[in-house]
Amino acid sequence: KNQVEQSPQSLIILEGKNCTLQCNYTVSPFSNLRWYKQDTGRGPVSLTIMTFSENTKSNGRYTATLDADTKQSSLHITASQLSDSASYICVVNPGGYQKVTFGTGTKLQVIP
Amino acid sequence: GAVVSQHPSWVICKSGTSVKIECRSLDFQATTMFWYRQFPKQSLMLMATSNEGSKATYEQGVEKDKFLINHASLTLSTLTVTSAHPEDSSFYICSARDLGLAGIHNEQFFGPGTRLTVL
């Protein structure tokens, strides 16, 4: 069964600090993995996309890593801001037009 | 580019009434749109896949007569919650797959969501 698990489930950090969110998946085959940011009461917004051959990709203060061998990905947020408070969802795409699998999400709260 | 809108953004209705939610791709064509529902503190759950000009494909456990989906054009899909009940209260999100990016990364763009509250 295709599964995507994220940890931690929730996280509280001080503004300005860094944090790392984890995503482990069992989806097969594998085409790409996306990290989304979902603000409360809003739809998800894509942050990064990682394909099989990519190990690291950055988008501003967000850096995603992928280890396709161990089927793990991480999202590192640098110098967190209050606006980073949101849920972060890892989504794995098996390829083609097959259904994607959503992770359980990590709820991040950045406090002053 | 790649903007998806939903209307309304929130709706409150009485039990037994029907509610229609629209999902539009504003600057691209989408042969496929997806409808999700999301309960508090949970991830998105796929309800159905909507293909332009054909019947929607519903996920197991989702009642097709309860959640009517119409995808009449390449830019519009609608979800109608018929005879809504309090247990249908949820956050409904649509996404659209860009025809131009079809097959490339299976890109989906999400709408802002619609909060449905059934009294």
Side-chain angles (χ1 to χ4, degrees), chain A residues 1-11 21 23-25 27 29-54 57 64 66 85-109, chain B residues 1-11 21 23-26 30-51 57-60 62 90-99 101-117:
Chain A
K1 181 181 178 182
N2 289 338
Q3 286 188 314
V4 178
E5 295 189 353
Q6 294 184 238
S7 62
Q9 189 173 22
S10 62
L11 182 62
L21 315 180
C23 173
N24 297 334
Y25 61 93
V27 177
F30 175 85
S31 176
N32 58 72
L33 180 150
R34 278 198 174 84
W35 283 94
Y36 287 90
K37 177 186 179 187
Q38 185 181 22
D39 293 313
T40 300
R42 306 291 295 174
V45 175
S46 179
L47 294 175
T48 65
I49 177 173
M50 306 286 290
T51 59
F52 185 86
S53 60
E54 296 175 307
K57 183 173 284 187
L66 174 67
S85 296
S87 289
Y88 291 82
I89 305 172
C90 174
V91 180
V92 181
N93 173 25
Y97 295 106
Q98 297 186 62
K99 297 173 192 174
V100 300
T101 302
F102 286 81
T104 50
T106 293
K107 186 172 179 61
L108 173 66
Q109 185 177 357
Chain B
V3 177
V4 176
S5 70
Q6 281 185 241
H7 178 80
S9 56
W10 59 271
V11 57
I21 302 171
C23 177
R24 293 181 185 273
S25 58
L26 298 184
T31 52
T32 303
M33 289 184 174
F34 304 89
W35 286 97
Y36 299 85
R37 65 187 301 181
Q38 185 177 33
F39 293 106
K41 299 183 180 181
Q42 295 186 23
S43 193
L44 283 72
M45 182 186 76
L46 180 65
M47 299 175 64
T49 302
S50 167
N51 294 294
T57 302
Y58 290 82
E59 294 301 299
Q60 190 174 7
V62 178
S90 187
F91 192 54
Y92 291 87
I93 303 174
C94 74
S95 72
R97 185 154 61 199
D98 189 332
L99 181 63
L101 293 174
I104 303 174
H105 302 323
N106 198 8
E107 179 79 64
Q108 291 183 41
F109 300 95
F110 289 87
T114 297
R115 172 72 61 190
L116 171 63
T117 302

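Every chain is numbered from 1 and lettered A, B, ... according to where its sequence line falls, protein lines coming before strand lines. Below, each value reflects all heavy atoms present in this structure, side chains not excepted, and no hydrogens, waters or symmetry copies.
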Report task. Select one option (side chain, backbone, both, neither) describing which atoms of B/Leu44 are under 4.5 Å from chain A's heavy atoms. Result ->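 Its backbone and side chain both get close to chain A.
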Query - Per-residue contact mode, B/Gln6 against chain A (heavy atom under 4.5 angstrom) - result: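 Neither part.
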Query raised in the report: How about B/Gln108 and B/Thr32: do any of their side-chain heavy atoms sit closer than 4.5 Å?
Result: no
Query - Side-chain (A/Gln6) to main-chain (A/Tyr88) donor-acceptor, under 3.5 angstrom - result: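 The answer is yes, because a donor-acceptor pair under 3.5 Å joins these two groups.
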Query raised in the report: Any donor-acceptor pair under 3.5 Å linking the side chain of B/Ser90 with the backbone of B/Gln38?
Result: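 Yes; at least one donor-acceptor contact below 3.5 Å.
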Query raised in the report: Given a strict heavy-atom distance threshold of 4.5 Å, which part of A/Gln38 is in contact with chain B: side chain, backbone, both, or neither?
Result: side chain
Report task. For A/Tyr36, check side-chain hydrogen bond (donor to acceptor under 3.5 Å, both in side chains) against everything at least two apart and list the hits. Result -> none
